[in-house]
Amino acid sequence: MRAAPTEGVLYIVATPIGNLDDLSPRAVSTLARADIVAAEDTRHSGRLLQHLGLQKKMVAIHDHNERDRSAGLIDQLAAGAQIALISDAGTPLISDPGYVLVREARQRGIRVSPVPGPCAFVAALSAAGLPTDRFLFEGFLPARRGPRRAALDVLKRETATLIFYESPHRILETMAAIAEVMGPERPVVLARELTKTFETFYSGQAVRVCEQLAEDAYGAKGEFVVMVEGASARAEAHEGLDVDRFLVLLMEELPVKKVAKIGAELTGLSRNELYQRALGLKGEG
Ligand code: SAM
């Protein structure tokens, strides 16, 4: 008697972002059951499978071949194969390959099932102490200076917590750009080397975090998640406001110190900045 044909399933399997103990038992059993493991880098993932004592047929699927490779994998899924998709670290498709494959599988009516687990930005956000009710994950910022600044400029008024991935080569430049475009006082949290021996969180005003990184001999080493507190509603209040005219009008009624205090409350700008600006307008600066 022939066995009934099995239903092909594409499993999206999360793997550790540093600490191998974070691999879930269900991830292990899914990999063990899979007919094929599709991996971003077969050499890298081959070591994980070896560590688990598994010998599997592997297929490389990365940014440059995903379109071509997906067609073959879809045919195998349609024929009943169980395929596990993994990336080098964390959850596939999150700043990693897999989108084309998953979309095509769904369009063909093939079952796609997640095996959840580690994801660097979720781990970072969960321990950052920044608002988590609304956040915007932006992946990697553009590598070139101009487009990177332009992207930050578009995001500077966003009120949700902003999350970026960054490589060690660019972390100092990116932090400097955040301080410049979003303001030196913008609260930032950096999560470095999560789940690894040198896991470190840096937090504070953007300009201070730049200093902390520069002072730490290991500061620019490892992998980073950059989180920026969203623009506050108060800070937004001064958008479109003629701050100088506002100060002049208030100064007709109040002493400069009070003007700076009330102005800071209403606009979100720093009290000292407004104080100096008001003195300048009064001709005493
Ligand atoms: N798919 C992965 C995930 O689920 O998080 C992300 C892959 S993306 C190509 C790699 C980036 O994720 C790194 O450049 C870094 O920004 C971040 N990342 C990965 N592992 C990390 C870790 N252990 N600590 C901090 N950031 C990490």
Side-chain angles (χ1 to χ4, degrees), residues 10-24 26-27 30-31 37-45 47-48 60-66 84-103 112-130 132 135-144 148 151-152 155 161-178 188-203 209 212-213 216 218-228:
L10 174 60
Y11 291 99
I12 310 304
V13 183
T15 58
I17 55 170
N19 189 327
L20 277 183
D21 287 347
D22 292 337
L23 189 66
S24 76
R26 197 156 84 86
T30 305
L31 290 170
V37 173
E40 187 183 1
D41 176 341
T42 50
R43 270 184 38 201
H44 178 95
S45 297
R47 286 196 287 276
L48 175 72
I61 182 161
H62 44 70
D63 288 343
H64 306 294
N65 72 0
E66 188 172 352
L85 173 70
I86 56 178
S87 59
D88 286 357
T91 302
L93 279 84
I94 305 300
S95 293
D96 267 338
Y99 167 66
V100 174
L101 178 63
V102 169
R103 194 189 50 188
V112 182
S113 180
V115 181
C119 175
F121 89 76
V122 175
L125 184 63
S126 72
L130 289 173
T132 54
F135 59 85
L136 185 58
F137 172 63
E138 282 283 318
F140 289 93
L141 281 163
R144 286 179 33 242
R148 188 169 52 212
L152 288 171
L155 292 168
T161 297
L162 298 167
I163 309 175
F164 306 98
Y165 280 164
E166 195 48 280
S167 73
H169 328 290
R170 274 196 288 272
I171 188 66
L172 294 172
E173 279 172 60
T174 292
M175 281 309 304
I178 287 172
V188 169
V189 180
L190 274 194
R192 175 176 155 258
E193 293 288 85
L194 289 165
T195 77
K196 304 186 199 176
T197 314
F198 297 105
E199 178 181 280
T200 316
F201 279 82
Y202 302 88
S203 63
V209 172
Q212 289 175 53
L213 271 189
D216 184 339
Y218 298 99
K221 295 201 170 78
E223 301 192 273
F224 291 89
V225 180
V226 181
M227 292 161 286
V228 181

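If you're wondering where the values come from, they're calculated on a predicted model, not measured in any experiment. Keep in mind that the numbers below use all heavy atoms, side chains included, and drop hydrogens, waters and symmetry copies. First listed ligand is number 1; within each ligand, the first listed atom is number 1.
Taken from CZ in Arg192 to OG1 in Thr200, the straight-line distance is 4.0 Å, to the nearest 0.5 Å.
In this structure a side-chain-to-backbone donor-acceptor pair under 3.5 Å is missing from Glu193 to Gly222. Within the 3.5 Å criterion, the main-chain N or O of Pro118 finds a donor-acceptor partner in the side chain of Thr91. A donor-acceptor pair is defined here as one N or O able to donate and one able to accept, closer than 3.5 Å; such a pair exists between the side chain of Glu66 and the backbone of Tyr99.
Closer than 4.0 angstrom to ligand 1 by heavy atom are Ile17, Ala89, Gly90, Thr91, Ile94, Ser95, Asp96, Cys119, Ala120, Phe140, Tyr165, Glu166, Ala191, Glu193, Leu194, Lys196, Glu223, Phe224, Val225, sorted by chain and number.
With sequence neighbours left out, the salt bridge (Lys or Arg N to Asp or Glu O under 4.0 Å) criterion links Glu40 to no other residue.
Note on ring orientation: taking the six-membered ring where Trp is involved, the planes of Tyr165 and Phe137 are perpendicular (angle over 60°, cut-offs 30° and 60°).
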